[in-house]
Visitor: 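Quick one: the structure is below, and I'll ask about it shortly.
Quantities reported herein were computed from a predicted structural model and do not represent experimental measurements. Below, read A as the first sequence line, B as the second, and so on, with proteins coming before strands; counting in each chain starts at 1.
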Amino acid sequence: MSVVTKIKEVTAAAIHQLYQVELAAGDVLVNATKPEFEGDYTVVLFAFVKQLKKSPDALGQELGQQIISTHPDLFTAYNVIKGFLNLTVADAYWLQFINGQYSNTEFGHTKPNGEKVMVEYSSPNTNKPLHLGHLRNNFLGRSIAEILKANGNEVVKTCIVNDRGIHICKSMIAWQLFGNGATPASTHTKGDHFVGDYYVKFNDEYKRQVEELKAKGKLDEEAEKTAPILLATQQMLLDWEAGKPEVMELWRTMNSWVYEGFDATYQRIGSDFDKTYYESDTYLLGKDLVETGLAKKVFYQKPDGSVWIDLTADGLDEKLVRRKDGTSVYITQDIGLAEQKQKEFNAKQSIYVVGDEQNYHFKVLKLICQKLGLPSADGIYHLSYGMVELPTGKMKSREGTVVDADDLVEEMVNIARQKTEELGKVKDFTEEELQELYDTIGLGALKFFLLRVDPKKKMVFNPEESIDFHGFTGPFIQYTHARIKSILRKAEPVTGIQEQGPLLPLEKELSIHLEMFPTVLQDAAQEHDPSKVAIYVFNLAKIFNSFYTEHSIANAETPEKKAVRLQLSQLTAQAIKNGMSVLGIRVPERM
RNA sequence: GGACCGGUAGCUCAGCUGGAUAGAGCAGCUGCCUUCUAAGCAGCAGGUCAUUGGUUCGAAUCCAAUCCGGUUCACCA
């Protein structure tokens with residue numbers, strides 16, 4: 001149990017003892033004490049003043065006295081300023097904590113809780129390569145999965161590949177028209193980029209044809225609808241649905257090229273999945289649920305035969321769930337897939353990592369599932385994240401302003417190499433070790449950059465100024481880890497201690513911060529927010545660096561101090577490692 | 001038009017279940033490498049927390065209105 005939790009309980013108990021008022025520990029507000037005041041944690045008293053009919057000062061004095069006399073082992077001092085009760089936690093508490101955790105490689109993790117959670121992320125289209133937006137999605141998905149694991153959940157990572165539809169037909173048509181039998185191998189192009197190039201070619205040709213038609217006097221809208229290449233694409237989609245052999249063959253071939261490319265990227269960035277769904281397999285799911293919905297009168301049919309749900313009572317709109325021609329729409333597939341997942345894995349919670357442009361969609365999805373009474377319904381959670389924008393605004397593939405994922409990763413790794421060479425600290429590394437280090441640092445910088453901000457918020461990426469390696473960054477934290485490891489390598493093994501104290505201010509600050517780590521991991525899971533961990537780890541590294549500059553660890557004043565500082569260092573390294581690990585970021589032993 | 005999200009330092013972001021004088025990083029300016037890795041540390045400077053009103057002991061945080069930006073409301077996926 002964290003100290004903060006203890007303080008809440010102790011405070012509630014003290015209030016009960018003194019005033020016979022029942023109070024939930026959760027109602028007690030505890031903050032870190034501001035540096036300008038004496039103490040470690042502060043109980044804010046205003047909330048109780050009215051109910052207990054005491055002046056803030058009197059209440060503080062009585063509470064402080066009571067808390068300290070009932071828990072002399074935990075608190076050594078208190079003071080009251082205005083309505084704030086500042087408590088000083090005994091050094092013995094911190095020392096005991098460090099001593100108990102310093103060799104715990106699982107520091108921060110909780111025991112398995114037997115609950116299963118699904119995380120669906122990445123979910124690409126197969127007509128073009130991954131870009132910066134996908135990276136945010138992949139890093140978030142991977143990270144939230146790791147955070148949930150660290151909190152004792154069993155996690156199933158899934159991906160739904162959007163492998164069918166008009167978009168992939170566009171690439172296919174363009175390849176038929178302009179490909180001349182080229183393949184990724186014959187052109188030495190990564191498969192997903194290869195197919196993406198034909199998607200671009202499609203759009204170029206389409207635009208050209210539209211202009212041509214307009215020049216012949218057709219109206220804009222008509223030209224856009226009747227361009228031959230578009231008609232051919234629509235026909236191809238029909239052929240695909242009819243299972244026409246040569247179309248299926250081409251479709252399989254081009255998708256296989258894309259998958260080869262995706263696999264390489266996924267491997268590079270560390271994305272993996274326990275189960276991959278393909279839309280070509282799942283797009284017919286959910287049809288039977290339409291019948292169920294009609295029978296339950298959750299859905300209704302219009303005269304033309306189309307099926308709808310009326311969500312206006314919930315502040316939303318009417319939503320189509322089956323077309324008049326009997327085919328299902330996107331949301332119906334999603335309902336079906338939610339059911340499929342439920343049957344297959346029976347998870348308590350199902351998290352969808354999907355951009356915030358689909359907020360409405362997921363609100364509707366959950367609501368429909370609930371109205372249908374599906375067992376999967378309440379577990380649906382949309383982990384919505386904001387778009388990654390450029391200083392000039394949104395990325396647009398048609399305007400060529402998309403930041404390609406592979407390119408960006410390469411660039412980051414190159415910068416890592418360049419900076420590492422400039423500093424010249426690892427000249428004895430083998431080529432293999434160097435390559436690994438560059439990957440670790442480059443990807444670390446990139447992942448940290450994308451994970452350090454609240455997922456909900458959109459963020460800006462400026463390609464002109466490369467991602468930093470100083471300050472609030474991945475490399476800064478990795479560097480701190482490497483520094484600690486350097487000391488630990490040289491020092492004798494870290495051992496248990498019998499200490500005592502007193503702790504110096506920076507030793508104590510570091511201890512307090514370390515003690516928060518498990519709570520931070522829990523919060524991150526609860527809020528579905530990896531940025532909480534990123535911010536925490538950064539602050540931890542910062543405190544350590546101040547401590548490191550101020551105090552000698554290997555040549556501490558006394559053997560006892562040295563033992564304490566070595567423990568602190570080792571535990572800091574472990575917290576950094578475990579924290580970065582749930583962000584999908586490795587930390588080097590040297591850099 | 002309805003719904004939802006956002007507006008905090010020059011830039012990128014924390015802080016938002018109301019709590020003490022609003023914090024980081026970058027950029028700018030000062031210092032610090034014969035002692036454990038300077039990808040570091042210490043310091044300076046930088047703010048009408050979009051605006052206005054309200055709620056109260058107390059508001060960046062809650063409520064209302066307004067302004068600005070974004071997303072969404074397809075028989076598209």
Visitor: So what does His481(A) hit on the nucleic acid, given a heavy-atom distance under 4.0 Å: a base, only sugar-phosphate, or nothing?
Guide: nothing
Visitor: Can a side chain N or O of Arg323(A) be found less than 4.0 Å away from OP1 or OP2 on C76(B)?
Guide: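 Yes.
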Visitor: When you check the phosphate oxygens OP1 and OP2 of G58(B), does a side-chain N or O of Lys82(A) lie under 4.0 Å from one of them?
Guide: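 Negative; the distance criterion is not met.
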Visitor: Establish, with yes or no, whether the OP1 or OP2 oxygen of G7(B) is under 4.0 angstrom from a side-chain nitrogen or oxygen of Lys457(A).
Guide: yes
Visitor: Base, sugar-phosphate alone, or nothing: which one does Thr327(A) contact when heavy atoms must sit under 4.0 Å apart?
Guide: nothing
Visitor: Considering every strand and a 4.0 Å limit on heavy-atom distances, what is the contact class for Leu423(A): base, sugar-phosphate, or nothing?
Guide: base
Visitor: Which part of the nucleic acid does Ile441(A) contact within heavy-atom distance under 4.0 Å: base, sugar-phosphate only, or nothing?
Guide: base
Visitor: For Asn539(A), report the nucleic acid contact type (base, sugar-phosphate, nothing); a contact means any heavy atom under 4.0 Å.
Guide: nothing
Visitor: Could you go step by step and tell me if Val354(A) and Asn137(A) meet the side-chain contact (heavy atoms from CB on, under 4.5 Å) rule?
Guide: CA-CA 7 Å; Val354(A) 178; Asn137(A) 181 306; 5.5 Å; no
Visitor: Go ahead and name the base partner of A20(B); Watson-Crick or wobble counts if both distances stay under 3.5 Å, otherwise write none.
Guide: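 Its partner: none found.
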Visitor: Establish, with yes or no, whether the OP1 or OP2 oxygen of G25(B) is under 4.0 angstrom from a side-chain nitrogen or oxygen of His470(A).
Guide: no
Visitor: Would you say Tyr300(A) and Glu318(A) are linked by a side-chain donor-acceptor pair, where the criterion is simply a distance under 3.5 Å?
Guide: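 Yes, a side-chain donor-acceptor pair sits under 3.5 Å.
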Visitor: Give Asp529(A) one of three labels, base, sugar-phosphate or nothing, depending on what nucleic acid heavy atoms sit under 4.0 Å from its own.
Guide: nothing
Visitor: Would you say U37(B) has OP1 or OP2 under 4.0 Å from some side-chain N or O of Ser486(A)?
Guide: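 So the side-chain polar atoms of Ser486(A) do come within 4.0 Å of the phosphate oxygens OP1 or OP2 of U37(B), strictly under.
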Visitor: Does a side-chain N or O from Arg483(A) land closer than 4.0 Å to OP1 or OP2 of C41(B), or not?
Guide: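 For C41(B), neither OP1 nor OP2 has a side-chain N or O of Arg483(A) closer than 4.0 Å.
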Visitor: Given the structure, check if the side chain of Ser546(A) and the base of C41(B) hold any donor-acceptor pair shorter than 3.5 Å.
Guide: no
Visitor: Using the ring pair (Phe, Tyr, Trp, His ring centres under 6.0 Å) rule, take Tyr352(A) and Phe362(A) through it: C-alpha gap first, then chi angles, then the decisive distance, then the call.
Guide: CA-CA 9 Å; Tyr352(A) 296 78; Phe362(A) 279 97; 5.1 Å; yes
Visitor: May I ask you to verify if any side-chain N or O of Arg452(A) is less than 4.0 angstrom from the OP1 or OP2 atom of G25(B)?
Guide: no
Visitor: Write down the partner of G1(B) under the Watson-Crick or G-U wobble criteria, each distance required to be under 3.5 Å.
Guide: C73(B)
Visitor: For residues Asn414(A) and Gln418(A), is any side-chain donor paired with an opposing acceptor at under 3.5 Å?
Guide: no
Visitor: Can you check whether Lys319(A) has a side-chain N or O nearer than 4.0 Å to OP1 or OP2 of C75(B)?
Guide: no
Visitor: What interatomic distance, in whole Å, is found between C1' of G7(B) and the corresponding atom of G47(B)?
Guide: 15 Å
Visitor: Ignoring hydrogens and geometry beyond distance, is the side chain of Asn545(A) in donor-acceptor contact with the base of A38(B) at under 3.5 Å?
Guide: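 For Asn545(A), whose side chain was compared with the base of A38(B), there is no donor-acceptor pair (under 3.5 Å).
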Visitor: Can you check salt bridge (Lys or Arg N to Asp or Glu O under 4.0 Å) on Glu433(A) and Arg590(A), steps first, answer last?
Guide: CA-CA 10 Å; Glu433(A) 287 170 330; Arg590(A) 290 178 57 194; over 6 Å; no
Visitor: Under 4.0 Å, counting only non-hydrogen atoms across every strand here, what does Phe538(A) touch: a base, just sugar-phosphate, or nothing?
Guide: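 If one applies the 4.0 Å heavy-atom cut-off, Phe538(A) turns out to touch the sugar-phosphate alone, with no base involved.
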Visitor: Taking any heavy-atom pair under 4.0 Å as a contact, classify Val460(A): base, sugar-phosphate, or nothing.
Guide: sugar-phosphate
Visitor: Which part of the nucleic acid does Phe84(A) contact within heavy-atom distance under 4.0 Å: base, sugar-phosphate only, or nothing?
Guide: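 Base contact - Phe84(A) has a heavy atom under 4.0 Å of at least one base atom.
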Visitor: Using atom P in both nucleotides, what's the gap between C49(B) and U21(B) to the nearest angstrom?
Guide: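 Rounded to whole Å, the distance is 15 Å.
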